[in-house]
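Each remark here refers to the structure printed beneath this line.
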Amino acid sequence: MTDTTTTADTRAVSDVPLVRALNVSKAFYGNEVLKGIDLDVREGEVVCLLGPSGSGKTTFLRCINQLETIDGGRIWIDGDLMGYDDRNGQLHRLHDKRIAAQRRDIGMVFQRFNLFPHMTALQNVMEGPVQVKGQGKGESRAAALELLERVGLQEHCAHFPAQLSGGQQQRVAIARALAMKPKLMLFDEPTSALDPELVGEVLAVMRELAQDGMTMIVVTHEMSFARQVADRVVFMDAGVVVESGPPAEVINRPQHERTRAFLSRLH
Ligand code: ADP
């Protein structure tokens with residue numbers, strides 16, 4: 001694949017942290033998977049999370065999106081503390097409805113596309129705004145068609161997932177997440193389940209999204225994407241952030257042995 005865009009250089013990135021994760025910890029049955037993760041992501045910034053399998057990347061994304069509850073630390077999105085109400089330093093768990101509302105601001109795209117198999121591409125994209133936001137069908141349909149056009153699938157709007165390639169399904173999944181007008185998009189290895197020839201079309205859509213100013217956290221092994229699109233890469237291993245910085249530094253001149261070992265295994 002040839003990539004010539006230099007998205008990270010041309011995009012405006014503001015200084016306001018849209019995401020602030022502070023000392024986030026998470027264990028499963030006594031197995032500490034996240035051991036005090038700190039991460040700030042500014043509005044408009046694209047951060048790629050790299051690291052070996054099992055290092056906690058997916059768990060961290062799931063914590064940001066409240067698919068997992070954290071054991072320690074705090075996460076704010078746009079100044080809003082996730083999952084809790086902080087009253088004079090005392091944390092109180094929010095009601096489910098409030099948590100659901102917080103989660104609506106965050107779009108997530110998974111490795112597997114998770115589309116509703118009995119719905120067309122258009123219906124998949126309309127579903128969230130209609131069912132969750134109570135938006136009118138006409139308005140949702142128009143917005144969904146626009147989004148499908150944006151991901152290059154307007155001609156496929158009446159197709160069911162089984163009639164689409166993996167790359168097309170993943171693009172529908174991106175359009176579906178965008179239909180909720182998220183403040184932040186999380187991508188969890190969005191191309192790793194795809195045949196190699198389909199990876200480029202999904203990365204191209206993500207690159208455009210980045211160019212349009214979307215704030216994104218992307219777990220990926222696609223080094224060319226990280227190099228060209230990320231403002232920052234964060235290397236995780238065994239539940240900690242080992243190092244982070246501009247892709248040219250971390251990928252080309254890693255400071256830590258663990259990062260070097262990981263990168264050398266990719267080539
Ligand atoms: P990565 O995304 O970097 O591959 P994960 O966050 O998926 O890492 O996994 C980190 C560790 O947490 C792994 O050891 C994994 O087995 C464990 N883990 C993840 N989810 C669960 C779960 N729901 N129950 C028990 N262990 C889990």
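When a ligand or atom number is given, it counts from 1 through the structure's own listing order. All values reported here derive from a predicted model rather than from experimental measurement.
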When you measure from [atom] to every protein heavy atom, which one gives the shortest distance, and what is it?
{"atom": "atom 19 (C) of ligand 1", "value": "Phe28 CE1, 3.4 Å"}
{"atom": "atom 3 (O) of ligand 1", "value": "Lys57 NZ, 2.7 Å"}
{"atom": "atom 7 (O) of ligand 1", "value": "Thr58 CB, 3.6 Å"}
{"atom": "atom 14 (O) of ligand 1", "value": "Asn31 ND2, 4.0 Å"}

Of all the atoms in ligand 1, which lie at a distance below 4.0 Å from a heavy atom belonging to [X]?
{"X": "Pro52", "answer": "3 (O)"}
{"X": "Ser55", "answer": "1 (P), 3 (O), 8 (O)"}
{"X": "Val33", "answer": "10 (C), 11 (C), 12 (O)"}
{"X": "Thr59", "answer": "5 (P), 6 (O), 9 (O), 19 (C)"}

Got a sec, which residues hit ring-ring contact (aromatic ring centres under 6.0 Å, His included) with Phe235, two or more places apart in sequence or on another chain? Phe262
Close approach of Gly56 to ligand 1, heavy atoms, under 4.0 angstrom: yes
Could you check whether atom 22 (C) of ligand 1 has a protein contact, counting only heavy atoms that fall below 4.0 angstrom? yes
With distance as the sole criterion, is a donor-acceptor pair present between the side chains of Glu45 and Thr215 under 3.5 Å? no
Between Thr58 and Asp188, do the side chains contain a donor N or O and an acceptor N or O under 3.5 Å apart? yes
With Arg98 as the cation and Tyr84 as the aromatic partner, state whether NZ or CZ is under 6.0 Å from the six-membered ring centre and within 45° of the axis. no
Decide whether an N or O pair under 3.5 Å exists between Gly54 and ligand 1. yes
How far apart are the closest heavy atoms of [X] and [Y], and which atoms are they?
{"X": "Arg93", "Y": "Thr69", "answer": "NH2-CG2, 3.3 Å"}
{"X": "Arg265", "Y": "Pro52", "answer": "NH2-CB, 4.1 Å"}
{"X": "Ala173", "Y": "Val109", "answer": "O-CG2, 4.2 Å"}

Can Ile70 be reached from Leu91 by stepping across I, L, V, M, F, W or Y side chains whose heavy atoms are under 4.5 Å apart? no
